[in-house]
Amino acid sequence: MDKTVPGLVHLYVGDGKGKTTAAIGLAVRAKGAGRKVLIAQFLKGRDTSEIAPLKAIGIKIIRTEEMKKFVFQMNDEELKAASADCESCLSAVETALAGGEYDLIVMDEAVDAVNLRLINTDRLLALIKGRGENVELVLTGRNPDPRLIEVSDYYTEMRAIKHPYKNGVLSRLGVEY
């Protein structure tokens, strides 16, 4: 971001709402400051309300395909396809980092892709450690590997104290997606 200050690693995790919202807020703030921003969304191919306005302000977005099933419901062929899709998204981030074009990269749900064994933890750690010194990096998800916590500079946990889902309120357009 600021070329005189090293880029830092943000880890937004937990079972609460707000991880992606916080990451997108930071992306918009960075874009408003004239930074080049990339958002890579893992496990989120479903159309969501933030995509069009983010693209409209010049934020590049790459995404995996929408997962039609939970990983535990997938057969071997479906798991292999989901893993290849996530690894392809990770490769796109590696390419973007190698090009040195972006000041901020958000890797939304990358932590969950690691937990589901759809991307390799060591490969993600190598990406984090090998990024350009001025690149700010944000990762979101649940239950991060302790090594991800160790390499992070910011560690923010969102906790679900109260959520309307428990009262039968489903995800709402423009709020949760």
Side-chain angles (χ1 to χ4, degrees), residues 1 7-13 17-71 74 78-142 144-145 148 151-152 154 171 173-174 176-177:
M1 311 254 295
L8 301 176
V9 177
H10 305 242
L11 193 53
Y12 301 156
V13 301
K17 177 180 169 17
K19 299 175 293 290
T20 298
T21 303
I24 288 172
L26 182 58
V28 169
R29 178 179 286 159
K31 184 65 181 172
R35 305 313 198 294
K36 293 193 176 183
V37 178
L38 169 67
I39 296 175
Q41 290 190 315
F42 295 81
L43 313 173
K44 284 191 169 177
R46 175 184 181 187
D47 189 29
T48 54
S49 301
E50 72 271 12
I51 302 302
L54 289 171
K55 286 181 178 180
I57 63 171
I59 292 177
K60 180 172 172 70
I61 300 171
I62 54 176
R63 308 177 91 202
T64 56
E65 296 295 318
E66 180 178 2
M67 293 179 63
K68 305 289 186 196
K69 297 180 181 177
F70 291 109
V71 169
M74 292 181 182
E78 292 166 329
L79 272 172
K80 190 179 283 187
S83 181
D85 193 23
C86 286
E87 289 284 347
S88 177
C89 192
L90 186 60
S91 292
V93 173
E94 288 170 332
T95 299
L97 281 168
E101 174 180 352
Y102 295 97
D103 302 304
L104 171 69
I105 297 178
V106 173
M107 298 179 70
D108 190 27
E109 301 297 348
V111 174
D112 289 336
V114 164
N115 291 340
L116 294 168
R117 295 184 173 86
L118 298 175
I119 60 175
N120 180 279
T121 308
D122 291 331
R123 185 173 170 199
L124 179 59
L125 286 164
L127 178 148
I128 293 167
K129 292 175 184 175
R131 76 190 189 290
E133 68 179 66
N134 297 324
V135 176
E136 201 86 6
L137 188 63
V138 180
L139 294 94
T140 71
R142 291 174 162 79
D145 183 295
L148 291 173
V151 299
S152 69
Y154 294 90
S171 296
L173 178 67
E176 281 85 21
Y177 69 97

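Under the rule for a side chain to side chain donor-acceptor pair (under 3.5 Å), the partners of D145 that lie at least two apart in sequence or sit in another chain are R147. Residues passing the ring pair (Phe, Tyr, Trp, His ring centres under 6.0 Å) test with F42, sequence neighbours excluded: none. Legend: residues meeting side chain to side chain donor-acceptor pair (under 3.5 Å) with Q41, ordered by chain and number and at least two apart, are E50, R63, D108. Judged as a side-chain contact (heavy atoms from CB on, under 4.5 Å), and not counting sequence neighbours, the contacts of Y177 are R46, T48, S171, L173. For S91, the side chain to side chain donor-acceptor pair (under 3.5 Å) partners at least two apart in sequence or on another chain are R123. With sequence neighbours left out, the side-chain contact (heavy atoms from CB on, under 4.5 Å) criterion links L116 to L43, V71, L118. For E78, the side-chain contact (heavy atoms from CB on, under 4.5 Å) partners are K69, M74, N75, not counting sequence neighbours. Applying the side-chain contact (heavy atoms from CB on, under 4.5 Å) rule to K36 yields the partners E101, Y102, D103; only residues at least two apart in sequence or on another chain are considered.
Closest approach of T140 and A23 over heavy atoms only: CG2-CB, 4.0 Å. Across all their heavy atoms, I62 and C89 have their closest contact at CD1-O, 4.0 Å. Of all heavy-atom pairs between V111 and P144, the closest is CG1-CA, 3.6 Å. Taking every heavy atom of both residues into account, A27 and I59 meet most closely at O-CD1, 3.9 Å. The nearest pair of heavy atoms linking V13 to L11 is CG1-CG, 3.7 Å. Summarising the geometry of G174 relative to S49, their closest heavy-atom pair is N-OG, 3.5 Å, with the distance given to 0.1 Å.
Note that CD of E136 is 8.0 Å distant from CZ of R131, once rounded to the nearest 0.5 Å. Atom CD1 of residue I57 and atom NZ of residue K31 lie 7.0 Å apart, to the nearest 0.5 angstrom.
S152 places no side-chain N or O within donor-acceptor distance of the main-chain N or O of H10, the cut-off being under 3.5 Å. At distances below 3.5 Å, at least one donor-acceptor pair connects side-chain atoms of D112 with backbone N or O atoms of R142.
Atom NZ of K17 has more than 12 heavy atoms from other residues, nucleotides or ligands within 6.0 Å. Enclosure of atom CD in E65 is not indicated, since only 12 or fewer non-hydrogen atoms of other residues, nucleotides or ligands lie within 6.0 angstrom.
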Can L26 and V106 be said to form a side-chain contact (heavy atoms from CB on, under 4.5 Å), step by step? CA-CA 9 Å; L26 182 58; V106 173; over 6 Å; no

Would you check, one step at a time, whether the test side-chain contact (heavy atoms from CB on, under 4.5 Å) holds for T20 with E109? CA-CA 8 Å; T20 298; E109 301 297 348; 4.1 Å; yes

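Put simply, the side chain of M107 reaches to within 4.5 Å of the side chain of L90, judged on heavy atoms. L148 is listed as a side-chain neighbour of L124, based on a closest heavy-atom distance under 4.5 Å. For the pair L97/L137, no side-chain contact is recorded, criterion being any heavy-atom separation below 4.5 Å from C-beta on.
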